[in-house]
Each structure stands twice: as C-alpha cells, then as structure tokens.
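Working notes, beginning with the structure itself.
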Amino acid sequence: MGGDSKYLGLAYVTPYIIGLLIFTAIPFVASFYLSFTTYNLMSAPVWAGIQNYVELFTRDRTFQRSLGVTLSYVFMTVPLKLAFALFIAVILNYRLRGINLFRTAFYVPSVLGGSVAIAVLWRYIFADTGIVNMVLLSVGAEPVNWFGDPKYALFTITLLRVWQFGSAMVIFLAALQSIDQSLYEAAAIDGAKKWQVFTFITLPLITPVIFFNMIMQTVEAFQEFNGPFIITDGTGAPLRSTYLLPLYIYDSAFRRFNMGYASAISWVLFAIIMVLTLLAFWSSKRWVYYAGDRRS
Amino acid sequence: MKTRVSIIFGLAAVLGSSVSAGAVDLRMSWWGGDARHAATQEAIKFCGDKHGHTVAAEYGGFGGHQEKVTTQLAGGTEPDIMQINWPWLPLMSKDGSGFADLATLGELDTSNWTAADLAAGTTNGKLNGLSVSTTGRVFFMNATAFEKAGLAIPTTWDELIAATPKFKEVHGQNAYPFYAAGLDALLIVSLVTTQMTGKDLIDPATNTVAWTPAELAKGIAFYQSLVDTGTIQSWQDAAGSGNTNLQERADWIEGRIGGAYQWDSTYSQYAGPLTKGQTLVSVPILKVSDALTDGVYRKPSMVWSISARTPNAAAAATILNCLVNDEGAIAIMAGHRGLPANAAAAEQLLASGGIDENVVAANRLVMEAEGPTVSPYNEHPEIRDIFQSTLEEFAYGLLSADEAGETIIDSINGVLARI
C-alpha cells in the first residue's frame, strides 16, 4: 500500500475512532475508575476503594434480588426467542406463494423494536381489561393479573422481547438457505423422515449461526431497559419482580445520585456477560460444527 | 474627510459592540404539559423581545426531567434559567452553591414574595430558588357519581367507608368510592399518620423520623382497612392496569371511581377526561376521628433557579424578572403553574379571571388547611423508594403492619443519617 493510500485509509476510519474513543472507550475506562469512588455527580469523586463492591455482595438485598430477576429473564428470554425465531425461519424457508410478503410481515415487529410506543402498547394488551384477558374470558378462562401478580409480570416483559425475533429469524433464514440441497436429496433417497432431516442435517449445519444468535441475544437480554422501564414506570413492580439490573443501574446513577455505585453494578454486569460468553465459547467446541470441521 | 470617516467607523464599532454585548442568547428549561409549554414559549418570546435577548426553550414531561437536569449540572451544561422541583434543591445544591444566589441579582424583584416563600427556596443563606406557587394534595370527588348513588359527598374517612356498600350497589362491585395505590397509597398513609400524630414524617430538629413504629403501623393498618372494606382497590388489582395513569383509566373516566387524593393544580387533568355530565369537586381534607391536625401536605410546587455558572446571570435575571413580575408575561403564563406565589401576580390573575376557578378553589383548600411543615426530604428518591417498596410488601402480604412500620423507620433513619 502506498503512503498516500495509507493516510487516506486513516482519514476514512478517523471519525469512527474518534466516536469510539469519546462514546465508548473513555466512558468505559472512566466507569471502571468511578466504580471505586463515591460520586454524587454534584461534587468531585472521592476514592472509596472496593467499598462499593463489598456493599454489593454483602449487604445490598436489592442487588441480589435484581441479579436473580435478570438471570431468570435472560434464561427465559434467550431460549424462547431463539426457538421461536428458528421455528418461523423454517416455515418461511418453504417455497410458498407470497412468501416474501410473509417474510416482511414477520420482520415488522423487529423494525418497531422495543420502542416506547410498543412498550405502551404492551401495557394495554396485558392490562386487566386488555385484549389478552378479553380472549381468556371469551373462552371461559379466568382473567390473569399480568402486571399485578409477581408470578406473571416478568413473563409479560419476556414476551415483549421474544416478540422482537425478526433479526435472529433473518439470520437463521439466511443460514437455512445456504445449506447444500444435495444433502437433503441424499437423505430423501435414504428414506429419512422430516424430523430426522431436521435433527441430523439442518440443525448441525446451522450451529454456527445458533451460536452467534445465542451470544448476541444473551448480551442484548442482559441490557434490557426500555420494556420494564416504561411498563413499570421504572419501579420494577410488582415487588421488584421485573427490576432488571439496568433499571437498578439507572436508579442508582440518576435517581439516587450514586454514580460510583452504579458503575460498580455495571462492571459486575459486564463481568457476568463476559464469563457467560467465555463459557459459551468453551462449550461451543462440543456442539458447534464449522465447514471443514474434522468431526463433520 | 479621512478623520470624519474614522469617527463614523469608530462610533459604529462602539455602538455595534454595545448592542452585541447587551443581547445575549439564553437557555431555559422546564417540565409540564402541552398547555404549559405553549404558554411558557409565548411568555419567553414576549420577554425576550422586550429585553432584546433570545431565549431557547428546552422542555418536556416530568418523567426523566430530574435525571436530565442532574446530568446537565454534573457536566456543566445546564440552561441559564431552570424550573426546579422544590425537593430537588437539597440534592442539587446541598450547601447553596449549586445555583446562583438570586438575592444578589439586582435585576430580579422579589418584594412580592412572602418571607416564608423566600425561606423555602433558600439554602445555606443563599436564595437558590424563587417559589413559583404553593401546592398541596387535595381530595377531588366525583360529585355526580356520589349523587347517582344517592350519597352525599363524604366529609370524613368514616363517612367514605360507610358510603362504600351503596356506591358499589349502584356502580357495580368493581367500583370504588376512592382510589389510592402506589404513591397515592403512600401519601394516604402519610396523611393519616400525620393526622393522628400531628407530626410530619421527618422531624427537622433531629433530622430523624418523627413517628414511632407503632404510630406508622397504625397508619398502615388504616390503609388496609380501606382495602378490606372495598373503599379502595387493592395494590395488586390497581397494578393490573399496567401502570396506567388514573385519569386515563376507564373506571375513572366513567365515574366508577369516586375520588382521589391529588395535587390541587392538576384539577383539569382529572376533571377533563370525565365523560360529559360529570362534575369533579375539590373538598376539604378527610380526617380520622381522633385527628390532631388536617395534616395537609403543602409545599412550594417548584422554584425558578439560575445557573451558578452562567456568564449571563444579569440577562437571565432580567428575563426571569419579566416572566414573574411583568403584567404581560403574567397574563400569558396565567395559571399553568398554579396560583402564583407572587402576590401581585395572583391578584392580577384573580381579578382578570386568568386562572381556572376550580384550581383556585382547590388551592384555597390547601392554603386554609393546617398541618406541620413538610420536609423536602419526604421526596428524597431513596426515602420515597424505601417507603413505597416496603408498603408494597405489606400490601402483598409479605410483611405485617408492625414489621412494615419498623422497616420503613429504620431504613429512612439510615438514609437521613447518611445525607
């Protein structure tokens, strides 16, 4: 590469690097420092050593409760969302009439995303007088107090996340379409049944995509904020059953003016995501198959 | 000729510099509803034009406003003029240095405010906030709903409880003569405990909780008696609406909820959505039989503050002075922030009919009622959170009234000791 091209390349990436430094790298490092301080935003941070972390793990019942809720939420949301996205992708992979229209329709929820408007809509759908309870009543079932009963409140938030399955579905669909058709033809000649084809050909061949989607969805689920914040007005009600860690971080930082403590919770959340990601990578050696893999 | 041209250019330069030094660009922020936004924008345009300054408006709803202002203060990017909630003052300006000392700004005339109003906005001897209006919680009752049930509007808690069976008989078993869940439940517990003890939650002399656990437990038990008698919806059932505002709920709009305990200035928010033919009235505070006081929750609703860092403090004070003291601006701002604390402004609006008479009536009830001075720490985010989340645990049956009372008091005392 000539000298001029080198500088031109640098010029192209400079805006990105500046953005990365200002909006990601510097806040990242700053939050690590702040997690060892007491900082109320109105006066300079005061060094507190590991006090915030000690408080978190030994005395803070809210953190323990919130961590439990967050883990429940992630372990409910990710498998449900992946399974649903794969199910729809398999259906949309058939050559049906007007399939492009269906593909677009199923992607629409992801375009709308977890916006404020959708969270408000969710509130109305699952309210005591909402459409879900109206349907339950019409079939003779008892209405459910979705938002008032701690047993169900987290589930409604989970469904809001699962509803946004479009991006995972599109990636699954692309993976399904890239599978060599000759494998299916060979299986058909051997008399394989549909479930056998799916279990022994389709699933193993898309494991890299399942793995990718799983990592991305796990990270996103740990960072969920909009849905529970709008639906519960940030309280995590009822009885903190929807009080995810991002809500607690927000409360600590901007409602209680304890930015140091909020930074410490953020770093614990980061550590949890990192450990789970590393575990996923470690386990992937046993169940993810790549092209040219000697096991395949 | 050369000399004349030099003089002309010199004069032009001097005049030009004086104009640019006089006219400054200011920023002003507030929260509120659409009507308040429209009136305030018109008023800052009026004052800006009058004094040759440009004022950029930054406004939105109440939700998230505190977080926004806090972040701006932390980053040194706050607007020149800010509408600040009164309980935020000790959080944002603990020693009085968080905002400009308005008493030192000669452009601002505060002679029409009472000493008590000025004291409420003063921290550490510095006038950090100029009171906009005084507000308080009042009882709004749906007169039509009670009339339809053949009931007189209750004047005591006992009458309200006694009215419940008849109210339900006429309006349905899912109807309630009153509403109190979440924050409203907390404020009802607080009101009743204040009535029974004659004391506010926080004792300003010792900076500790003034109530004993037994006294608070009695207040909590009273709340439960309202639930048990069907006078109010239970916390769980109210939560089932998905955090929908009371005034947006069908049962409120159609008159199946008889009343609520709300800020006096929000009258139109609650009266407006009621279906045609229904009348909402504000009534004197309901009291328990052994009340020592009305227990009114009265406080400055909000204050005007000026940034401590603004290089344009004089211009900001000029604009603020116009907004609160100029007859033209007062007429435009009208009653969108309640009845003004500025006595002359209040008089002007009352004389001209520039303020909703229902808001005036509700405010009069607040001002006439008696009660101990309310500490701004009542609304400290941690204290509110402790009170409300513990009360919620009680409402869900996880704690007894005694346990809840003890937990609330211990935890709040812990926070008060730290802050």
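Naming: A, B, ... by sequence-line order, numbering from 1 per chain. Just so we're clear, the structure is a prediction, and the values are computed from it rather than from any experiment.
- Under the 6.0 Å cut-off for aromatic ring centres, A:F32 and A:W267 qualify, their centroids lying closer than that.
- Between chain A and the options B:E393, B:Q236, B:Q388, B:E392, the largest number of non-hydrogen pairs under 4.5 Å is found for B:E392.
- Ranked by heavy-atom pairs under 4.5 Å with chain A, the list B:G242, B:G75, B:G63 is led by B:G242.
- Between chain B and the residues A:V120, A:D233, A:T235, the most heavy-atom pairs under 4.5 angstrom are made by A:D233.
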For this session: Could you check A:R161 against A:E220 for salt bridge (Lys or Arg N to Asp or Glu O under 4.0 Å), going step by step and ending with a plain yes or no?
Result: CA-CA 10 Å; A:R161 188 89 206 175; A:E220 280 180 23; 2.8 Å; yes
Run the side-chain donor-acceptor check on residues 411-419 of chain B: report pairs under 3.5 Å with partners two or more places apart or on a different chain.
residue : atom : partner : partner atom : Å
B:S411  : OG   : B:T407  : O            : 2.8
B:N413  : OD1  : B:V209  : N            : 2.8
B:N413  : ND2  : B:I409  : O            : 3.4
B:R418  : NH2  : B:E382  : OE1          : 2.8
B:R418  : NH2  : B:E382  : OE2          : 3.3

Exercise. Could you walk me through whether A:R240 and B:D385 pass the salt bridge (Lys or Arg N to Asp or Glu O under 4.0 Å) check?
Worked result: CA-CA 11 Å; A:R240 300 225 189 267; B:D385 186 42; 3.0 Å; yes
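- Listed here is the closest heavy atom pair of B:T122 and B:L127: OG1-CD1, 3.6 Å.
- With sequence neighbours left out, the side chain to side chain donor-acceptor pair (under 3.5 Å) criterion links B:N142 to B:Q278.
- By number of non-hydrogen pairs under 4.5 angstrom with chain A, the leading residue of B:L73, B:L398, B:T70 is B:T70.
- Looking at A:T232, the atoms closer than 4.5 Å to chain B (heavy atoms on both sides) all sit in the backbone: N, CA, C or O.
- Taking B:S234 as the reference, B:D237 meet the side chain to side chain donor-acceptor pair (under 3.5 Å) condition, with sequence neighbours excluded.
- Aromatic ring centres of A:F126 and A:Y152 lie farther apart than the 6.0 Å criterion allows.
- Residues of residues 92-99 of chain B lying under 4.5 angstrom from chain A, judged on non-hydrogen atoms, are B:M92 in numerical order.
- Looking at A:I231, only its backbone comes within 4.5 Å of chain B, counting heavy atoms on both sides.
- For B:Y270, the OH atom sits in a packed shell: over 12 heavy atoms of surrounding residues, nucleotides or ligands are nearer than 6.0 Å.
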